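First comes the structure, then the notes that go with it.
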Amino acid sequence: MKKDLVQKTTGFERFNHLVLAASFSILFLTGLGFLYHTLSWINTMFFGVHNAKVIHEWAGVVFSISLILTFGNYLGESLRFSREDSAWISSLGGYFSRTAEPPPQGKLNAGQKIFYLLIVVGGGLAISLSGYMLWLFPSSRGNILFGHFLHNIAVLLFAVTVPLHIYLGTAANPGTFRVMTRGTVTRAWAKKHHGKWARDLGID
Amino acid sequence: MTNHWIDIRNADVILIMGSNAAENHPISFKWVMEAKKRGATLISVDPRFTRTSARADIYAPLRSGSDIAFLNGMIKYILDNKLYDEFYVKNYTNAPFLVNENFKMPGELDGVFSGYDPKKRKYNKKAWAFQKDEKGVIKKDMTLTNPFTVFQLLKKHTSRYTLEMVEKITGTSKEKLVEIYKTYASTGRPDRAATIMYAMGWTQHTVGTQIIRNMAIIQLLLGNIGISGGGVNALRGESNVQGSTDHCLLFHILPGYLKTPRASDVDLKTYNDRYTPKSREPNSANWWSNYPKYSVSLLKAHYGAAATKENDFGYQWLPKLDDGQNASWIMLFHEMFLGKFKGFFAWGQNPACSGTNAGKVRKALAKLDWMVNVNLFDNETGSFWKGPGMNPEEIKTEVFQLPCAASIEKEGSITNSGRWAQWRYKAADPPGEAWPDSEIMNELFWRVKKLYEKEGGAYPDPVVKLAWDYGPKDPEGKVRKIDTHLIAKEINGYFLEDKVVKGKLFKKGTLVPSFAFLQADGSTSSGNWLYCQSYTEKGNMMARRSKKDPTGLGLYPEWSWCWPVNRRIIYNRASVDEYGRPRNPKRPLIYWNGKKWVGDVPDGGWPPLVNKEKTRLAFIMKPAGVAHIFGPGRADGPFPEHYEPLEGPIQENPLSRSHRVNPATKLFFEVEAGKDSPKEKGGLPEDIFATNDARYPYVATTYRVTEHWQTGVLTRHLPWQLEMQPQIFVELSQELAKEKGIRNGEKVIVSSVRGKVWAIAIVTNRFKPFKIMNRTVHQVGLPWCFGWQYPEDGSGGDSSNLLTPTVGDANTMIPETKAFMVNVEKA
Amino acid sequence: MALEEMDKRRLSGVDIIGRKKGLLVTPDLCIGCRGCQTACKEWNKLPGEGTVNRGTYENPPDLTPNLYNRIRFVETSTPDGLRWLFVSQRCMHCTDAGCIRVCPSPGALFRTPEGAVAFNKARCIGCKFCVAGCPFNIPRYDENDRISKCHLCSDRIANGLSPACAKTCPTGAISYGDRVDLIREARTSGYKAVYGEADLGGLGVLFAFREAPSFYGMPDKPSFSPTIGLWKGILKPLTIIGLAGAVAAAATHYVTVGPKEIDEGGDE
């Protein structure tokens, strides 16, 4: 490891994130094809609507397993709230100012914690469970109606937050993208974005 | 039918009784509902609330077998309230006729009419004779007041059928009786018409013929016969029953309702004299006086050139019945049971399921040496030897199965209930080795004829002399292929020589234009005089398909052809007044324009009544020219009288102590006078019956369902039909089910003293317990469309005719399958 | 191309009402002969299925993938006496069809030019959403998990014939024609309200009832689940708006506030 780099994520973590992101993308695209008949060409690209359905179903299985595997990595950290978190929230993560900065953050900041808990875990579980309901128990009318409704609420959540998540992980914060690709960040990046974590690691 | 299917739409009141038209004649309901749309009232009278009842404006239940009480009650109501059509009754019926003064009725003779011989169980009909003057003309009283007029006798006879009495016998409430009587009798006016649609629910009783008579009397009193929207309309149970009856399906008639000769009809003259009615009535056309023309033309059609004047036109070659012999269905199987038959052709039928007392029928089949089963499918008859309770090893009967073509796999005519002969074309070839019936007969005829020619035999002439010119022949003389058109033409008839009739010359070999041209001298042939005009030089009239309807009454005179001479409503001249004007201006069926009749084809072209000289009365087939309110030709009385079914729920006939059942009907089991329980050693154990017997306490009836046809041979093989009606069921009331602890949908055993079947219980409010003679009487009903052979797993059940009795109507011997006694128990 | 065409028809479902063909079912005329049940099976080549008598004439007990049209037999005691009702159960060909709304596979359920709701088994993905979307519980699934239901004999009416059930009905209890004519016909026969005239944008199968629909076992006010409306009316557009909004917000942020650059020279 180059001397000025810090390890942020493990190989497994990155691999699982990739699986989650890939399965999500497939699910999201085929889902849009099902939801909007004007987008049905998407499913044509997924080898036709029948194959798209099978792909959607099995991508869902991959997604839900991958989702559970994220728990070990983030659930504990996300559930630990600290003073920095409320400060982060009150300053809106500093994203709406060129100058203001939230106080130094731990390994995950409040925004990440909230995104993980509400969207990834909450939305992910909702969409997985409703997906299984629709897939495995279609003969119950109530199942279909409720499952369908829940599935689509989760879709709405993802539709709004996932683009922001991608933006924040890439263009909005230069140097962040490598967290999920190479697993290492620069010391400067670590100090700027997760100062508390950096301090705990002995980076001054 | 005196009228026809479409004419039902012209009725103001429709009574459906003794039939379940919605279920068994669904197409008729096209016209019933059309009539209702035009304001008609539909009445359904049935022991059970049926799919017909579901559409009725008025529904009334009655106990099976009590129809005559119901109808005589209606006659009493009509007479008491003077609701009859006086003009009609006086001019078109025998109501004014005087009956001899010694004539007595059941009210006076404890249940029988004059002339009854209890030993022979027969009437001497001379006791019912009319009074005649010195010229032999029947005496009449046009005021209808003389106590010996038919009218007054009818009044007296039916006076015993009070509402209270009828209610006690039928179980129908007085209120319903009055409601129905009033509604129906509202058509006694000339501008209103009522029709009756009946079927086997009326005929299949020991008093079946009299039930029909009963209704005919009502229709005559109300002036409802010969008019549009009226009539007495039998709904035939099969599309061509009318045709097969016209062409002598039954033992006692030849084609065109000519009589089957008896042994004592020693020659043609005796035969013709005996069956040609004579009438001294001045204005009677007495159409049957043409009898010899029709019988000789028939013989010429049968035997062709071999029939000559010298040999009585081959009269002696006709098969003859012994005097007094009855060869009806029940008797055939009775004799078969007694071992008197060697062989049997079961042609297009399934007696092992359709025959009354089917258990006896099945045993009878085992007494045969051989049987030929001609059918579309194998059935319970062809396979009787491996049926329930049969040991194939012990059965000697050799069975031959001949597959035959279905109706759509051959060309020919069918005659519907409305007497319309309609030509049908072949739609498909018969499958495999199946042949049309005519080809099977051709082959049989040829081989039998060959055997007679080769071996001689007791009496070869009837076979070897038979004319058989139905198509081109091979060098040996066998018809290569039957041409149905040649059969149709033979039925119509030919001129056999150049002949001048009615001032017109007809060339030899031309087709006879109508039966009015048939001759008794052998110069014409006609295979069935009634069908003469069906296939003429103008072409095949039965194949006509014009939708012209000049009267607007739905007669469609150029659609197919109907007998007689394309008359769509028979006795139509009874629809006019003495001047020939339509009595119902709303529905003018026919009228006299001063020179001729316009409208439907009239019953003869004679001028109306006002021309006292030249007129002929409307009912041309009756010797006196008028319709029979008093019917002196029936075996069991000139008026209908209520008798209980052979098996009934009550000890005695409430109307007469001595005669519980029809006194003129043949009983297979001796009956003890007064008690009417079967006497030991009285008959075959198979023919036993049980009346007013605690072991069999429930009245039962049988019926068909829309989803299956007859015994179901055609429909039980159709998964679509079987899906809708998969199993035999018994319908019973909630009350009876509660009493017996039977739950809806569970299997029960229905048994009579003769046999038993399992059935699925349908517990329903559509059956209600009756109050009969102040007692609660339950009735149940079950269909007879199932059989043990198919469905193959036996899930359908067996025929309900295993329960029904060996007894028939006094006139026709049609079995009494519509009223008998059973028990129902949880399986 | 064909699919696009179908999709257009499907989407234009509400507009089609004016030229919609349909059936008028009049139980008052029905004699329960079930000729329609058989004719339907015959035309659609549907096999007969094994049944048992359950203590009623009504059979089979429910619609199946091989039974598009079924007559229900209902015995009811009323103050005027016993009534035996025969009521056709089948696809109602709603104008606002819940099944089409929820179907995720374009062309699996589609609107014919005559306004019927027909199906294309080849396009069906077997998700059964249409079952939940149907207010009348009609769609059934065959052994290959493909939709099966009455399609108003779309193959017959496209060729100028009437549906098999109407063709065979002897009493006119099921009659086929222009929807507007059928409504007029029912009115002239004295039926004040025609069931399905306005429900769900107008049903393709109308019923002439004298009594309340519930007397015949039909929903008085047929409607599909509100969650379907919520989903189609709110969630679906909201999702697209949300997605577009999120992307737009990110872009706006990038160009206005800008990314959080890291000062590499910083404290190090």
Side-chain angles (χ1 to χ4, degrees), chain A residues 4 28 31-38 40 43 49-50 52-54 93-98 101 134-135 138-149 151-153 155-168 170-176 186-189 191-193 204, chain C residues 3-4 7 10-11 100 102-108 122-134 137 141 145 224-228 230-232 234-251 253-254 256-268:
Chain A
D4 58 343
F28 193 70
L32 284 178
F34 290 128
L35 192 53
Y36 303 98
H37 284 190
T38 39
S40 62
N43 283 336
V49 69
H50 291 100
K53 178 177 181 251
V54 175
Y95 281 104
F96 294 94
S97 159
R98 284 173 195 270
E101 285 278 340
L134 294 172
W135 181 21
S139 37
S140 154
R141 194 181 172 82
N143 247 4
I144 294 254
L145 286 171
F146 178 71
H148 207 220
F149 188 60
H151 213 63
N152 281 286
I153 287 182
V155 169
L156 174 62
L157 283 180
F158 286 126
V160 174
T161 56
V162 170
L164 296 176
H165 170 70
I166 294 169
Y167 171 64
L168 292 171
T170 54
N173 297 297
T176 307
T186 61
R187 286 164 175 264
W189 184 93
K191 281 206 292 194
K192 179 168 175 73
H193 291 294
D204 45 282
Chain C
L3 277 180
E4 272 172 39
D7 210 14
R10 186 193 63 78
L11 292 167
I100 296 189
V102 298
C103 178
S105 176
R123 302 287 303 171
C124 175
I125 58 171
C127 68
K128 302 195 173 74
F129 290 0
C130 53
V131 178
C134 176
N137 185 25
Y141 277 72
D145 238 1
F224 38 74
S225 164
T227 63
I228 291 172
L230 206 58
W231 165 72
K232 172 145 177 151
I234 298 173
L235 282 180
K236 254 178 92 169
L238 214 56
T239 301
I240 278 292
I241 293 166
L243 182 63
V247 172
H253 183 265
Y254 191 75
T256 53
V257 182
K260 286 192 183 182
E261 299 290 356
I262 297 172
D263 183 2
E264 282 295 335
D267 294 343
E268 198 173 2

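Since this is a predicted model, take the numbers as computed values, not measurements. Side chains included, hydrogens not; waters and symmetry mates left out as well; all remaining heavy atoms used. Below, chains carry the letters A, B, ... as their sequence lines are ordered, and counting in each starts from 1.
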Taking atom [atom1] of [X] and atom [atom2] of [Y], what is their separation to the nearest 0.5 Å?
X	Y	atom1	atom2	answer
C/I240	A/L35	CD1	CG	7.5 Å
A/N152	C/K236	CG	NZ	9.0 Å
C/T227	A/L145	OG1	CG	4.5 Å
C/Y254	A/T170	OH	OG1	9.0 Å

Between A/V160, A/L157, A/T161, the one whose heavy-atom pairs under 4.5 Å with chain C are most numerous: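 That would be A/V160.
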
Options A/S139, A/A52, A/G94, ranked by heavy-atom pairs under 4.5 Å with chain C, top entry: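 Looking at each option in turn, the highest pair count goes to A/G94.
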
Residue part contacting chain A, namely of [X], when any heavy atom lies under 4.5 Å:
X	result
C/A244	neither
C/I234	neither
C/I125	both

Closest approach of [X] and [Y], non-hydrogen atoms and distance?
X	Y	result
C/A246	A/L164	O-CD2, 3.5 Å
A/S40	C/P106	CB-CG, 3.5 Å
A/H37	C/C103	NE2-O, 2.8 Å
A/P174	C/E261	CG-OE1, 3.6 Å

Largest heavy-atom contact set with chain A, pairs under 4.5 Å, which of C/I241, C/L230, C/I228: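 Answer, by heavy-atom pair count under 4.5 Å with chain A: C/L230.
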
Selection from C/F224, C/F129, C/Y141 maximising heavy-atom pairs under 4.5 Å formed with chain A: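 Option with the top pair count is C/F129.
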
Exceeds 12 heavy-atom contacts within 6.0 angstrom, atom CZ of A/F146: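 No, the 6.0 Å shell around CZ holds no more than 12 heavy atoms from other groups.
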
Parallel, tilted or perpendicular, as decided by the 30° and 60° cut-offs, for the rings of C/W231 and A/H148: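 It falls in the tilted class, 30° to 60°.
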
Between A/Y95 and C/H253, a side-chain donor and acceptor under 3.5 Å: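 There is no such pair (donor and acceptor under 3.5 Å, judged by atom type) between the side chains of A/Y95 and C/H253.
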
Engaged part of A/F158 at the chain C interface, taking heavy atoms whose separation is under 4.5 Å: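 Nothing of A/F158, per the 4.5 Å heavy-atom cut-off to chain C.
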
Segment of A/I153 engaging chain C (4.5 angstrom heavy-atom cut-off):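 Both parts, backbone and side chain.
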
Any A/L134 side-chain heavy atom under 4.5 Å of C/C127 side chain: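 In short, these two side chains do not touch, never coming nearer than 4.5 Å.
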
Given C/C124, C/P104, C/S105, the one that forms side-chain contact (heavy atoms from CB on, under 4.5 Å) with A/V49: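 So the option named by the test is C/S105.
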
